[in-house]
Amino acid sequence: MKFGVLVSGRGSNLGALLRHKANGQLPCADFAVVVSNVAGVRALDIAAQAGVPAETVDSRRHPRTPEGRAAHEQEVLARLRAHGVEAVVLAGYMRIVGAQLLGAFPHRILNIHPALLPSFPGLHAQRQALEHGVKVSGCTVHLVDAGCDTGPILLQAAVAVLPDDTEDSLSARILAEEHRVYAIAVDAMSRGRVRVSSDGRRAWIADSDAR
Ligand code: GRF
């Protein structure tokens with residue numbers, strides 16, 4: 001299955017996926033293109049170093065209006081289509097996905113969030129968790145829908161929140177789990193093992209391949 005990866009920044013999850021691929025752990029996944037909405041970010045270098053086409057569709061070239069966002073997304077979609085992409089991985093992509101991408105890849109867009117959803121959606125999830133005082137947090141891989149971090153949950157991994165944690169220390173502990181579980185989710189998607197309930201609320205990984 002051909003994947004397009006959408007990024008906006010650091011690219012550590014992208015790097016982890018590409019390392020898994022290089023190690024032979026994602027045999028059914030092909031990373032066809034990486035598209036960033038921000039020019040010059042580290043994620044683009046990581047893609048290029050791995051020999052994956054790295055492209056920028058700068059979202060600042062469009063007005064911050066519904067029409068501007070739709071025009072940007074149309075361009076992103078065109079890049080994905082040009083590379084034959086069949087499924088999309090959001091890896092630190094700081095944009096809400098709109099109707100065009102959702103319509104083009106139904107149940108085929110994955111996101112990873114650094115908290116145990118539905119707790120702490122949105123920005124600064126690790127800080128939200130610390131400020132709330134939870135004792136367990138983690139990360140969530142989910143299918144993307146029209147909301148912000150609301151789509152059906154595919155996988156979660158938990159980590160302890162320690163008394164002396166800072167935002168940085170908790171983020172690092174969660175990030176190690178992100179890098180591990182995102183590969184499991186992409187592998188499942190690439191094998192056609194992702195299932196969604198008829199009401200669209202629940203998602204899970206089936207035991208057998210089906211494409
Ligand atoms: C990760 O914490 C991810 O959960 C969130 O954005 C961050 C991206 O980090 N969606 P990176 O760009 O993959 O290093």
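First listed ligand is number 1; within each ligand, the first listed atom is number 1.
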Participant: Identify the closest protein heavy atom to atom 12 (O) of ligand 1: which residue and atom is it, and at what distance?
Facilitator: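 Residue, atom and distance for the closest contact: Gly11 N, 2.8 Å.
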Participant: To the nearest 0.1 Å, how far is atom 1 (C) of ligand 1 from its closest protein heavy atom, and which atom is that?
Facilitator: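 The closest heavy atom on the protein side is Glu178 OE1, 3.1 Å.
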Participant: Looking only at protein heavy atoms, which one is nearest to atom 9 (O) of ligand 1, and what is the separation?
Facilitator: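 For atom 9 (O) of ligand 1, the nearest protein heavy atom is Arg10 NH2, 3.1 Å.
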Participant: For Glu55 and His83, does a side-chain donor sit closer than 3.5 Å to a side-chain acceptor?
Facilitator: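 On atom types as modelled, these side chains qualify, holding a pair under 3.5 Å.
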Participant: Among all protein heavy atoms, pick out the one at the shortest distance from atom 5 (C) of ligand 1; state its residue, atom name and that distance to 0.1 Å.
Facilitator: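 So the nearest neighbour among protein heavy atoms is Ile112 O, 3.8 Å.
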Participant: Classify the ring geometry between Phe31 and Phe3 as parallel (under 30°), tilted (30 to 60°) or perpendicular (over 60°).
Facilitator: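 Geometry flag for Phe3 against Phe31: tilted rings.
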Participant: Give me the nearest non-hydrogen protein atom to atom 11 (P) of ligand 1 as residue plus atom name, then the distance to 0.1 Å.
Facilitator: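 Scanning the protein heavy atoms, the shortest distance from atom 11 (P) of ligand 1 goes to Ser12 N, 3.4 Å.
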Participant: Please write down residue, atom name and distance for the protein heavy atom closest to atom 6 (O) of ligand 1.
Facilitator: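 Nearest protein contact, heavy atoms only, for atom 6 (O) of ligand 1 is Gly92 CA, 3.7 Å.
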Participant: If you take all heavy atoms of Val57 and Glu75, which pair is closest and at what distance?
Facilitator: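 Taking every non-hydrogen atom into account, CG1-OE1, 3.4 Å.
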Participant: Taking a hydrophobic cluster as the set of Ile, Leu, Val, Met, Phe, Trp and Tyr residues connected by side-chain heavy atoms closer than 4.5 Å, whether directly or through intermediates, do Ile184 and Leu18 fall within one such cluster?
Facilitator: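 Cluster IDs for Ile184 and Leu18 match.
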Participant: Ignoring hydrogens and angles, state whether a donor on the side chain of Asp199 or Ser197 is under 3.5 Å from an acceptor on the partner side chain.
Facilitator: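 Asp199 vs Ser197: donor-acceptor pair found between side chains.
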